[in-house]
Amino acid sequence: MTRAPARARTLLASALSVTALLITAACVAYDRDVPRALPQGVSEPPAETPPSPPPSPSASSSAVTDTERSTPVLNDEQLEAALITAADLGPPWAAGQGAALWRDGTLKATTDDGDCRRLLEVLYTEEPFGAPAGPRASVTLDDTAEGAQLREQVGAHRPDDVERALVWLGTLPEKCGSFRAETARSGTQDVEVTELRLPDTAGDARAALRVTLTGGAPDAVPARLTVDLAAIRVGEDAVVLTNGGFGEVRAEVTRAMAQLGADRLAEVARQERLRV
């Protein structure tokens with residue numbers, strides 16, 4: 001197996017060159033008959049090291065600084081420039097062809113517990129921070145081989161709201177580690193919630209979850225939907241990224257695109273500060 005050039009060590013000044021941070025080609029073995037190479041924009045995961053107990057999202061990130069508070073509000077065009085693209089991942093990823101059917105079929109669900117019910121609502125609306133306080137931009141990308149769909153949204157949010165939401169997300173693996181949910185179309189779902197560790201360099205504060213829903217109609221073979229949710233604060237802006245599907249949903253893709261999305265948004269904001 002040959003490797004592509006190692007990923008760049010620093011973020012270049014231009015937003016267009018941010019993609020070089022994560023570009024490498026690698027192959028990784030899964031419990032599949034034929035291992036599938038990772039997308040060209042995603043690094044092979046490093047060797048596992050025993051992790052120290054993760055701090056809470058608010059403790060693991062710095063408070064909002066005066067520099068962050070002075071960040072100019074980005075307009076629609078600037079936010080569009082901060083979005084990841086299909087070119088960042090390469091084949092088999094392509095521009096999305098509409099919302100995935102499983103969003104209504106499986107994610108439109110409810111349960112008795114308030115926190116778990118709110119989590120299901122957040123997965124469906126993709127708004128852990130609530131509606132943006134200003135302009136927003138989004139992109140949808142489809143994995144044409146596995147059927148996964150990745151969505152990214154960027155926009156301005158009140159930092160205090162973001163911090164509260166990140167702390168809340170960090171509590172969900174314990175509060176909602178395992179529960180049952182009811183859907184109108186897909187029957188009862190057994191839901192599992194686990195933490196998804198993001199790179200410490202992704203934005204100023206971050207939290208991420210992996211949620212799996214297993215179930216279906218009584219007369220159907222149970223289906224398993226996996227959805228990664230990553231939420232990141234970058235100054236007074238935020239990145240929300242979901243990556244989900246009934247096939248193979250790769251945590252490496254979620255992590256790499258969360259890092260890239262945060263870096264690109266920070267770079268666009270930095271360029272705007274230089275022009276002000």
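Quantities reported herein were computed from a predicted structural model and do not represent experimental measurements.
Between the Asp143 side chain and the Ala145 main chain, a donor and an acceptor come within less than 3.5 Å of each other. With Gln189 contributing its side chain and Ser186 its backbone, the two residues share a donor-acceptor pair below 3.5 Å. A distance-only check finds no donor-acceptor pair linking the side chain of Glu163 to the backbone of Asp160 [under 3.5 Å]. In this structure, the side chain of Arg206 engages the main chain of Asp200 through a donor-acceptor pair within 3.5 Å. Of the possible donor and acceptor atoms, one in the side chain of Thr144 sits under 3.5 Å from a partner among the backbone N and O of Pro92. Here the side chain of Gln153 pairs no donor or acceptor atom with the backbone of Ala238 at under 3.5 angstrom. Side-chain N or O atoms of Asp142 include none that pairs as donor or acceptor with a backbone N or O of Gly147 at under 3.5 Å.
No single ILVMFWY cluster, assembled from side-chain heavy atoms under 4.5 Å apart, contains both Val249 and Met257. Both Leu83 and Val268 sit in one connected hydrophobic cluster of ILVMFWY residues. Membership requires side-chain heavy atoms under 4.5 Å apart, directly or through other members. Each of Leu260 and Leu196 belongs to its own hydrophobic cluster when Ile, Leu, Val, Met, Phe, Trp and Tyr are linked at side-chain heavy-atom distances under 4.5 angstrom.
Side-chain contact between Asn243 and Val227 is absent, with no heavy atoms from C-beta onward closer than 4.5 Å. Thr111 is not listed as a side-chain neighbour of Val191, based on a closest heavy-atom distance of 4.5 Å or more. Considering only heavy atoms from C-beta on, Val193 comes within 4.5 Å of Phe179 through its side chain. Residues Leu141 and Gln149 form no side-chain contact, since every pair of their non-hydrogen atoms from C-beta on lies 4.5 Å or further apart. A 4.5 Å side-chain heavy-atom check between Glu127 and Val240 finds every atom pair outside the cut-off. Using a 4.5 Å cut-off on side-chain heavy atoms (C-beta onward), Leu209 and Leu169 make contact. Within the 4.5 Å cutoff, the side chain of Asn75 has no heavy atoms near those of the Leu79 side chain. You'll find the side chain of Val253 reaches within 4.5 Å of the side chain of Trp93, heavy atoms only.
Considering OG1 of Thr188 and CZ of Arg180, their distance stands at 5.5 Å, rounded to 0.5 Å. With rounding to the nearest 0.5 Å, the separation of CG in Asp113 from NZ in Lys175 is 8.5 Å. The CZ atom of Arg185 sits 9.5 Å away from the OG1 atom of Thr106 when rounded to the nearest 0.5 Å. A distance of 12.0 Å separates CZ in Arg233 from CG in Asp161, rounded to the nearest 0.5 Å. Remark: Ile232 CD1 to Asp204 CG distance equals 10.5 Å, nearest 0.5 Å.
Among Thr242, Thr140, Thr254, Leu241, the one residue that satisfies the side-chain contact (heavy atoms from CB on, under 4.5 Å) test with Leu150 is Leu241.
Here the closest non-hydrogen pair linking Leu198 and Ala208 is CG-CB, 3.6 Å. What you find for Thr214 and Pro222 is that their closest heavy atoms are CG2-CB, 4.5 Å. Across all non-hydrogen atoms, the minimal contact from Ala223 to Phe246 is CB-CE2, 3.9 Å. Taking all atoms of both residues into account, the shortest heavy-atom contact from Pro135 to Asp76 is CB-OD1, 3.1 Å. Across all non-hydrogen atoms, the minimal contact from Arg103 to Ala99 is CD-CB, 4.2 Å. The two residues Gly261 and Val239 make their nearest non-hydrogen contact at O-CG2, 4.1 Å.
A cation-pi arrangement is found for Arg118 relative to Trp168, the charged atom lying closer than 6.0 Å to the ring centre and inside a 45° cone about the ring normal.
A 6.0 Å sphere centred on CZ of Arg117 holds more than 12 heavy atoms belonging to other residues, nucleotides or ligands.
For Ala109, the side chain to side chain contact (heavy atoms under 4.5 Å, CB included) criterion is met by Leu120, Ala181, Thr183, not counting sequence neighbours.
Classification of Glu80 and Arg136 as a salt-bridged pair fails, no side-chain N sitting under 4.0 Å from a carboxylate O. The pair Asp88-Arg264 meets the salt-bridge criterion, since a charged nitrogen lies less than 4.0 angstrom from a carboxylate oxygen.
Sorted by first and then second residue, the ring pair (Phe, Tyr, Trp, His ring centres under 6.0 Å) pairs with a member in residues 121-143 read Phe129-His157; sequence neighbours excluded.
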- Message: Please evaluate residues Asp237 and Val154 with respect to the criterion side chain to side chain contact (heavy atoms under 4.5 Å, CB included), reporting the C-alpha separation (whole Å), side-chain torsions for both, the decisive distance (0.1 Å), and the verdict.
- Response: CA-CA 7 Å; Asp237 296 307; Val154 294; over 6 Å; no
- Message: With side chain to side chain contact (heavy atoms under 4.5 Å, CB included) as the criterion, how do Leu225 and Val211 come out once you've worked through the C-alpha distance, each side chain's angles and the decisive distance to 0.1 Å?
- Response: CA-CA 8 Å; Leu225 173 66; Val211 182; over 6 Å; no
- Please walk me through it: do Glu182 and Lys108 pass salt bridge (charged side-chain N to carboxylate O under 4.0 Å, His left out)? CA-CA 9 Å; Glu182 298 296 331; Lys108 189 176 281 188; over 6 Å; no
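No side-chain N or O of Arg210 forms a donor-acceptor pair with one of Thr194 less than 3.5 Å apart.
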